[in-house]
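Reviewing the structure listed below.
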Amino acid sequence: MNSETAAYKRLVIVSNRLPFVLEKCGDGWTAIPGSGGLVTALAPVLRNRGGIWIGWPGISESADISELVEKASKDAGFSMTPVMLNKDEVLNYYVGFSNEVIWPLFHDFQSYCNFDPRYWEIYQKINSRFASVIAENASPEDFIWVHDYHHICVATELRKLNVSSRLGFFLHIPFPPLDLFVKLPWRYELLRAMLDYDLIGFQTLRDRRNFTQCLGAFVKNIRTKGTGRLLSVEFEGRTRLVGAFPVSIDYREFSQMARTREVADRGWFIHEDIPDRKIVLGVDRLDYTKGIIYRLKAFARLLEKHPEIHRMITLVQVVVPSRRNIPIYENLKVEIERLVGEINGRFTKSGWVPIHYIFRSLSRTELLAYYRSSEIAIVTPLKDGMNLVAKEYCASSIEQTGALILSEFAGSAHQLQTGAFIVNPYHIDEVADAIYTAFKMNQEELKVRMKKMQKSITRQDIYWWVDSFLNAAISGKLKDFPFLEELSHDTEPKSE
Ligand code: ADP
């Protein structure tokens, strides 16, 4: 540990949701531990080094969940602190500003935006509430790492409260180009708020370039210096860093789980039910950014162009329910179901249904079994910060013969372009042709492609991501945060 990092005591993680999911249980609630890359990577650090996770527990009812949070903290081995929101706040801050303003605008869907001034008012209020909770729980020696678009203004509010800790921010979604960002009524305020962090991280160089272009256009007297992954931005006598850090997965965990007997057996049953056919797999949260409608049309186009492969190919489209209280999402579900029905009605023959449609969340085993047993994965978002499904599919391709069709507008395209079939998701013919090429490709060629992708994800996995962010933020790494024992008894550090 170098002298600079030795000053940092704990990591304080701030995200919209706490790392557990509350489920209704009779009259009360029960807490199910969260999963996902961020939790997997950060939970051990917080557990071993005594950090804190601050977030919303996901309910808007005025229930007393203090005992539940205490138990969840005990089970997780690190402290969790809830920030409570009432129904009106959830509606305006979360559903409203986060998901009806920033989400569509930052994903190039400006026409889906609802620039309601009340959304902005409540967004600031909730960011301020998060800041108060952080200020009550953090010390100046902590490094505070704020995640995602729900909390852009937290640093500004923390500075107002005289919090002097170093602050990092990571945007998990894309940052839009200037032409789109200019539409935001609070464009200056948001940019200015981002400048209150010491390190601002984006998924890709393209997002970072969009951000610096917007800064150049709207913030006077700003100077950007440097090239490469980290830039420095000088403004009002202070320097902050701006970088690109592509988020990833726990490659080893996925690959090991995909090898288990349980997953293999499950995969065997999937193929038994869809015999003598290649499976093309789509797995997405219900979201208009995921390009599901275009993808279904591309699959129909493939069937139209190549009747000779009917009965030899099946699309399994898994859609995970999401944001059901927003009308655009409900309409999208209706449109997907209409289109699946229309395509199946048009092409189904006895013993062969071209599209299998699943609308629910899958267990980890089921998901991995689908990844493992599908010859082709089709990941064609119209815009996506990164897209972890693409990386998870590669990690689960044990035989290394899986083919990945990937949108050029997914953040992961940059990293996976050497092995994936890169497509413009709006180009229905191009996507149909890519499925056909992947369908026809021999196993040797597929292996060469898959190995390249696996190598790249192995090198830049979720731990690499955390380390490179911390390295940029505080010249530190995961292992540099002291162990609890070290803090209290000054004993030898344990190995990971
Ligand atoms: P987004 O964060 O926009 O939903 P990503 O592809 O980056 O998109 O991440 C989706 C995550 O959700 C992945 O980690 C994936 O494993 C998980 N997931 C996707 N589909 C399912 C499903 N049907 N059941 C359970 N988890 C899923």
Side-chain angles (χ1 to χ4, degrees), residues 15-17 19 21 32-42 98-99 102-104 106-109 147-150 170-174 202-204 207 245-251 253-255 257-258 263 266 270 279 281-292 295 316-324 326 329 332-333 336 356-374 377-397 404-407 409-416 420 425 457 460-462 465:
S15 68
N16 178 47
R17 296 291 292 269
V21 181
I32 316 281
S35 54
L38 198 63
V39 182
T40 314
L42 295 174
S98 301
N99 288 325
I102 305 191
W103 179 269
F106 283 32
H107 284 89
D108 303 354
F109 282 86
H147 289 266
D148 229 358
Y149 62 105
H150 317 85
F170 186 79
L171 186 69
H172 289 255
I173 64 172
F202 296 96
Q203 296 275 25
T204 66
D207 300 316
F245 308 91
V247 75
S248 196
I249 58 165
D250 186 341
Y251 181 91
E253 195 199 17
F254 266 94
S255 140
M257 275 175 64
V263 168
R266 194 73 208 220
I270 290 172
I279 298 178
L281 177 70
V283 175
D284 308 84
R285 218 166 27 74
L286 178 69
D287 203 293
Y288 49 84
T289 60
K290 300 292 181 185
I292 302 169
R295 184 184 311 159
V316 175
Q317 177 61 56
V318 182
V319 177
V320 188
S322 172
R323 302 181 192 167
R324 300 195 68 174
I326 304 181
Y329 286 72
L332 176 66
K333 177 172 182 277
I336 291 170
H356 290 207
Y357 170 67
I358 301 169
F359 183 74
R360 63 184 160 85
S361 202
L362 302 179
S363 70
R364 196 35 81 91
T365 306
E366 267 181 303
L367 182 64
L368 282 160
Y370 273 108
Y371 284 155
R372 201 181 153 172
S373 53
S374 300
I378 183 157
V379 179
T380 50
L382 306 177
K383 187 97 179 212
D384 211 330
M386 180 51 54
N387 199 290
L388 296 179
V389 165
K391 295 186 176 183
E392 292 170 3
Y393 175 71
C394 293
S396 312
S397 182
L404 174 66
I405 296 170
L406 182 60
S407 160
F409 307 126
S412 50
H414 181 71
Q415 197 181 347
L416 303 179
I457 309 167
Q460 297 192 334
D461 65 1
I462 185 74
W465 175 74

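Atoms within a ligand are numbered from 1 in the order they appear, just like the ligands themselves.
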Have a look at ligand 1 and work out which part of L362, if any, has a heavy atom under 4.0 Å from it: side chain, backbone, both or neither.
both
Is the backbone N or O of I279 less than 3.5 Å from a side-chain atom of S374, with the two atoms forming a donor-acceptor pair by type?
no
Can you see which heavy atom on S248 is nearest to which on I462, and at what distance?
O-CD1, 3.4 Å
Any H172 heavy atom less than 4.0 Å from ligand 1:
no
Between ligand 1 and R360, can you find any atom pair, the residue atom being a heavy atom, that is separated by under 4.0 Å?
yes
Does some non-hydrogen atom of E392 fall short of 4.0 Å from ligand 1?
yes
Under 4.0 Å, heavy atoms only, figure out whether ligand 1 is touched by the backbone of V389, its side chain, both or neither.
both
W465 and ring-ring contact (aromatic ring centres under 6.0 Å, His included): which single residue from F170, F245, Y251 fits?
F170
Using the six-membered ring wherever Trp is involved, compare the ring planes of Y371 and F254 and label them parallel, tilted or perpendicular (cut-offs 30° and 60°).
tilted
Within 4.0 Å of some non-hydrogen atom of R285, the atoms of ligand 1 are 1 (P), 3 (O), 4 (O)
Short question: side chain of R372, backbone of A258 - any donor-acceptor pair under 3.5 Å?
yes
Under a 4.0 Å heavy-atom limit, does L367 contact ligand 1 with its side chain, its backbone, both, or neither?
side chain
Using a 4.0 Å cutoff against the non-hydrogen atoms of V318, which atoms of ligand 1 qualify?
23 (N)
Looking at K290, is its backbone amide N or carbonyl O close enough to the side chain of D287 to form a donor-acceptor pair, meaning the two atoms are under 3.5 Å apart?
no
Would one find an N or O of D384, backbone or side chain, under 3.5 Å from an N or O of ligand 1?
no
Proximal ligand 1 atoms for V320, defined as those under 4.0 Å from one of its heavy atoms
20 (N), 21 (C), 22 (C), 23 (N)
Nearest 0.5 Å please: distance from the OG atom of S407 over to the CG atom of L382.
7.0 Å
Quick one: which ligand 1 atoms are inside 4.0 Å of a heavy atom on S361?
24 (N), 25 (C)
Should R295 and D284 count as an ion pair when the cut-off is N to O under 4.0 Å?
yes
Looking at K290, which atoms of ligand 1 are within less than 4.0 Å of one of its heavy atoms?
1 (P), 3 (O), 8 (O)
Just distances here: any N/O of D284 and N/O of ligand 1 closer than 3.5 Å?
no
Taking it one step at a time, do V319 and R360 satisfy side chain to side chain contact (heavy atoms under 4.5 Å, CB included)?
CA-CA 6 Å; V319 177; R360 63 184 160 85; over 6 Å; no
Considering both backbone and side-chain atoms of L388, is one of its nitrogen or oxygen atoms within less than 3.5 Å of a nitrogen or oxygen in ligand 1?
yes
